Enquirer: 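After the structure tokens below, expect a handful of questions from me.
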Number of protein chains: 2
Amino acid sequence: MIAAIELGGTKTVVATGSADGIVHEEWRLPTTQPQETFGHLVNWLRKRGSPTAIGVGAFGPIGVIPGGDDYGKLLATPKPGWSRFSIVEALANAFPQARVIIETDVNAATLAEARLGAAKGLDDVAYITIGTGIGAGILSGARLIHGALHPEFGHIKVPRQPGDDFAGVCPFHADCLEGLASGPAIAARWGMPAAELPADHPVWDTEAWYLAHGALSLLGIVAPARIIIGGGVSQAAGLHSKTEALLNKISAGYFAPLLQTPYLVAPTLGQQAGIIGGLLLTSLTSHR
Amino acid sequence: MIAAIELGGTKTVVATGSADGIVHEEWRLPTTQPQETFGHLVNWLRKRGSPTAIGVGAFGPIGVIPGGDDYGKLLATPKPGWSRFSIVEALANAFPQARVIIETDVNAATLAEARLGAAKGLDDVAYITIGTGIGAGILSGARLIHGALHPEFGHIKVPRQPGDDFAGVCPFHADCLEGLASGPAIAARWGMPAAELPADHPVWDTEAWYLAHGALSLLGIVAPARIIIGGGVSQAAGLHSKTEALLNKISAGYFAPLLQTPYLVAPTLGQQAGIIGGLLLTSLTSHR
């Protein structure tokens, strides 16, 4: 029996399934206090058997370097009660025989989309999510990338769209990518949420500008064969193709991966990506 | 017997040594036509024995994905005679028993500095080189990163230094990082080469601005535990510390790896990094 957990800031999903990403049974519960949440999901799993491996995609910041002191621990988080909680320890106590693999939620979703979704069969994939914040998951050479902590893609800086003098909403960096192009940035710029802005509104040219420059940074640093763009804000009609046209323009024919079109695509697994990714994590043989 | 080859645009180095990076004997020769160059170095190696593994750090663009059609082949290069030349094939013909591992020159140097040099003992390292162009090698989770082709770090775009209206020198992108901050960009901006500009010249504030923003992009995407900055332009006195001060300012305390100081360092292996990296490539067990 293989299990997966998707630990989100407000809801948690626990599932049984197979290491190739097929969900057998799943259950959704609210994310409350850590002991309570893990108590519930451990009970649910115990009734179904004893997992040999558990893959976890979790909200962050979380330690994701196996062998590191912080592996599987929530780091400083504003979510009450969760700072320093050890997911690895909670699961090892409940299921001592199980191998536990922890990842960020966006990396788990990236793995799912790369194996079974919008980037099926590719070993070099990035997945940008745009919602309350901007983040990215990265699969490189069939391995999920962490670096010394995990990446914080939303906080890079890119050139301003000509004429744009919006101050930005990031409390740390004001006009980083997230500060200029996240959902809250759009709402602050235009006085209404992205979902209410029509397809011909100039917001989408601005959004395409910042996304194209973010994608260019990914191309120059990790050269994905395809980039998935998901999250609430990305659902605007035509945003992917508008962004791809601009990315082609600013890259001036320089980056070979762009020859595979479409290069910027929407995710296809929807809400299931996280839990499918959790199952697939258990199939990584050399994860680190 | 372990061998290494550093194939540069103008000179080539061949060496025997050990997989932990110790050079036993080395020979430098000019890089001429491929058959001639490889003829010479194969003869030199044959006189010394029969290598069981050969690590190669090569100028690019070169195919570096094992199993890919282009693995070990020079791609379209302006260097006469080298486009489509297969390094793997040339070495397999000469030494059919040898395992051959091919990498970009900057990735080989990155591995050397991470194992024996300026980032000794770290598994997450980036190495920015600034000279005629700007490039970066990336070690992430103890593995060298390629992506779908290899990365082209110099061609990302970052915000302009306030007040900077220099057009940039990149023939593809004008004002990409390389177009604004490489050696030729400095020479075009100020009318003289970097080496002749004094330490208190404003060029170094401009250079620190662009390097700090490039380093921020690496932090946000691959989160290195340390970044090495090398290459001719980087040798200006004080440039590393000036860039680190600015990087700390623009990142506003957000990136944990920056707490390890100094974060931006000079390389320590000098001209030997490439050939040492070639030897170390033969020690990678799961290279891909």
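A quick note: this is a predicted structure, and the numbers were derived from the prediction, not measured. Each chain gets a letter, A, B and so on, in the order its sequence line appears, and its residues count up from 1.
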Enquirer: Heavy-atom cut-off 4.5 Å, strictly under: side chain, backbone, both or neither for B/Leu216 against chain A?
Expert: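 Both backbone and side chain.
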Enquirer: For B/Ile138 and A/Ile221, work out which heavy atoms get closest and say how close.
Expert: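 Closest pair (atom of B/Ile138, atom of A/Ile221, distance): CD1-O, 3.4 Å.
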Enquirer: Which heavy atom of A/Val158 sits nearest to which heavy atom of B/Pro159, and what is that distance?
Expert: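 Result for this residue pair: O-CG, 3.4 Å.
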Enquirer: To the nearest 0.5 Å, how far apart are NZ in A/Lys157 and CD1 in B/Ile250?
Expert: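 Those atoms lie 6.0 Å apart.
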Enquirer: Heavy-atom distance under 4.5 Å to chain A: side chain of B/Leu122, backbone, both or neither?
Expert: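 Interface part for B/Leu122: neither.
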Enquirer: So with a 6.0 Å cut-off around NZ of A/Lys79, is the heavy-atom count from everything else above 12?
Expert: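 Yes, the 6.0 Å shell around NZ holds more than 12 heavy atoms from other groups.
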Enquirer: So how far is it from A/Ile156 CD1 to B/Ser251 OG, rounded to the nearest 0.5 Å?
Expert: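 The CD1 atom of A/Ile156 sits 13.5 Å away from the OG atom of B/Ser251.
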Enquirer: Taking ring pair (Phe, Tyr, Trp, His ring centres under 6.0 Å) as the definition, give me every residue that meets it alongside B/His173, ordered by chain and number, with sequence neighbours left out.
Expert: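 With neighbours one apart ignored, the set is A/Tyr254, B/His155.
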Enquirer: If you tally heavy-atom pairs under 4.5 Å against chain A, which of B/Pro257, B/Ala148, B/Ala174, B/Gly214 wins?
Expert: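 Among B/Pro257, B/Ala148, B/Ala174, B/Gly214, the one with the most close pairs to chain A is B/Ala148.
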Enquirer: For B/Pro224, is it the side chain, the backbone, both, or neither that has a heavy atom closer than 4.5 Å to a heavy atom of chain A?
Expert: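 Looking at B/Pro224, just its backbone touches chain A.
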Enquirer: Roughly how far, to the nearest 0.5 Å, is the CD1 atom of B/Ile145 from the CG atom of A/Asp124?
Expert: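 If I round to the nearest 0.5 Å, the distance is 8.5 Å.
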Enquirer: Side chain, backbone, both or neither: which part of A/Leu75 has a non-hydrogen atom closer than 4.5 Å to chain B?
Expert: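 Contact with chain B is absent: no heavy atom of A/Leu75 under 4.5 Å.
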Enquirer: Checking A/Gln161 now: which residues fulfil side-chain hydrogen bond (donor to acceptor under 3.5 Å, both in side chains) with it, not counting sequence neighbours?
Expert: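 In terms of side-chain hydrogen bond (donor to acceptor under 3.5 Å, both in side chains), with neighbours along the sequence ignored, A/Gln161 is linked to A/Thr206.
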Enquirer: Could you tell me which non-hydrogen atom of B/Ser217 sits nearest to which non-hydrogen atom of A/Ser217, and how far apart they are?
Expert: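 The answer is OG-OG, 4.4 Å.
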